[in-house]
Amino acid sequence: MSGEPRLVEVRKNILKQNDIVASALRERFRESGVFVVSMVSSPGSGKTALLEKTLKLLSKNFRVAALVGDLATENDAHRLARSGAPVKQIVTGTVCHLEAAMVEKALEGWNPDELDFLFVENVGNLVCPSSYDLGENLRLVLSSVTEGEDKPLKYPTIFNSADVAVITKMDLAAAVEFDETTSVQNILAVRPGMEIFKVSAKTGAGMDEFLEFLQARLNETKVAKTI
């Protein structure tokens, strides 16, 4: 007798419990007026570099903080802490994604009322994170020019679970013969109408547009809170 039906049921129960916690987190974030951005991508896409740059620039005018997930080490948290923003590492061990309960626990000791932006950097993985709601306002999916143009076609679920796509490491596009037009077409083939930003955390190209977008979304959240 196959064990698959029992495993499917266990997975459904896990996701149901995650959704309950995520829903409570979302309400908590709404009441606090903090705008929560989660970031998903494959390993090496430049998530941490983009987040480091984002924290440095936004912290000039906003209260920002970050939670960062990895299977092991606190290397990314140490790196991001150089921005001056509060940062906590979530070490997941063998778990290939963050879950809402992990975010909830990591927030202990922090008051979301004192934040404008909270960034959650997920474990580098284009499969597992797509199924787990973290209570975020906005999910970014990153794809770097060094990964080629067909990631959206190979991993459509993660692109469909995200709100915005960010193409990273644009300073390397020419060196790796990245076809920007094809990349955009592939993203839009999977998710028609998806907003796409092209950035380089190294040179700062595209960062102004990206940050203006985040600030606009934060303002929308604060207006909605007052209604």
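Since we're looking at a predicted model, the values are computed, not measured.
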Connected via hydrophobic side-chain network under 4.5 Å: Leu142 and Val190: no
Without placing hydrogens or testing angles, list every side-chain donor-acceptor pair under 3.5 Å for residues 205-216, not counting sequence neighbours.
| residue | atom | partner | partner atom | Å |
| --- | --- | --- | --- | --- |
| Gln215 | NE2 | Leu211 | O | 3.4 |

What side chain to side chain donor-acceptor pair (under 3.5 Å) pairs are there with at least one residue in residues 165-178, not counting sequence neighbours? Asp171-Ser200
Ser130 side-chain N/O to Val127 backbone N/O, donor-acceptor pair under 3.5 Å: yes
Taking Asp179's backbone N and O only, do any of them form a donor-acceptor pair with Glu149's side chain (distance below 3.5 Å, no angle check)? yes
Sole residue of Val103, Val120, Val36, Val37 in side-chain contact (heavy atoms from CB on, under 4.5 Å) with Glu136: Val36
Indicate if Phe29 and Phe117 have the same hydrophobic cluster label, given that clusters are the connected sets of ILVMFWY residues with side-chain heavy-atom separations under 4.5 angstrom. no
Close side-chain approach of Leu51 and Leu55, heavy atoms under 4.5 Å: yes
Do Leu172 and Val199 land in one hydrophobic cluster if side-chain heavy atoms of ILVMFWY residues count as linked below 4.5 Å? no
Do Arg26 and Asp133 have side-chain heavy atoms sitting under 4.5 Å apart? yes
Looking only at atom types and distance, does a side-chain atom of Asp70 sit under 3.5 Å from a main-chain N or O of Ala72, one as donor and one as acceptor? no
Linking I/L/V/M/F/W/Y whenever their side-chain heavy atoms sit closer than 4.5 Å, directly or via other members, would Leu107 and Leu138 fall into one cluster? no
Any non-hydrogen side-chain atom of Leu25 less than 4.5 Å from a side-chain atom of Glu104? yes
Could you verify whether a donor N or O on one side chain and an acceptor N or O on the other, from Glu121 and Thr48, lie under 3.5 Å apart? yes
Indicate yes or no for a side-chain donor-acceptor contact from Asn122 to the backbone of Leu98 under 3.5 Å, with no hydrogens or angles considered. yes
Which heavy atom in Phe35 sits nearest to a heavy atom in Arg217, and how many Å separate them? CZ-CB, 3.4 Å
Provide the closest heavy-atom pair for Leu15 versus Ser131 in the form atom of the first, atom of the second, distance. CD2-O, 3.4 Å
If we ignore hydrogens and angles and just use 3.5 Å, is the side chain of Ser83 paired with the main-chain N or O of Ala85 as donor and acceptor? yes
Say whether Val184 and Val166 are linked into one hydrophobic cluster, either directly or through other cluster members, by side-chain heavy-atom distances under 4.5 angstrom. no
Ignoring hydrogens, what is the shortest heavy-atom contact between Lys56 and Lys60? Give both atom names and the distance. O-CG, 3.8 Å
Glu147 vs Ser45 side-chain heavy atoms within contact, under 4.5 Å: yes
Polar side-chain atom of Lys88 near backbone of Ala106 as donor-acceptor pair, under 3.5 Å: yes
Under the salt bridge (charged side-chain N to carboxylate O under 4.0 Å, His left out) criterion, do Asp163 and Arg139 qualify, and how do the steps go? CA-CA 5 Å; Asp163 303 291; Arg139 179 178 289 188; over 6 Å; no
State plainly whether the residues Glu114 and Arg63 are in salt-bridge range, i.e. N to O under 4.0 Å. no
Lys/Arg N to Asp/Glu carboxylate O, Lys47 vs Asp76, below 4.0 Å: no
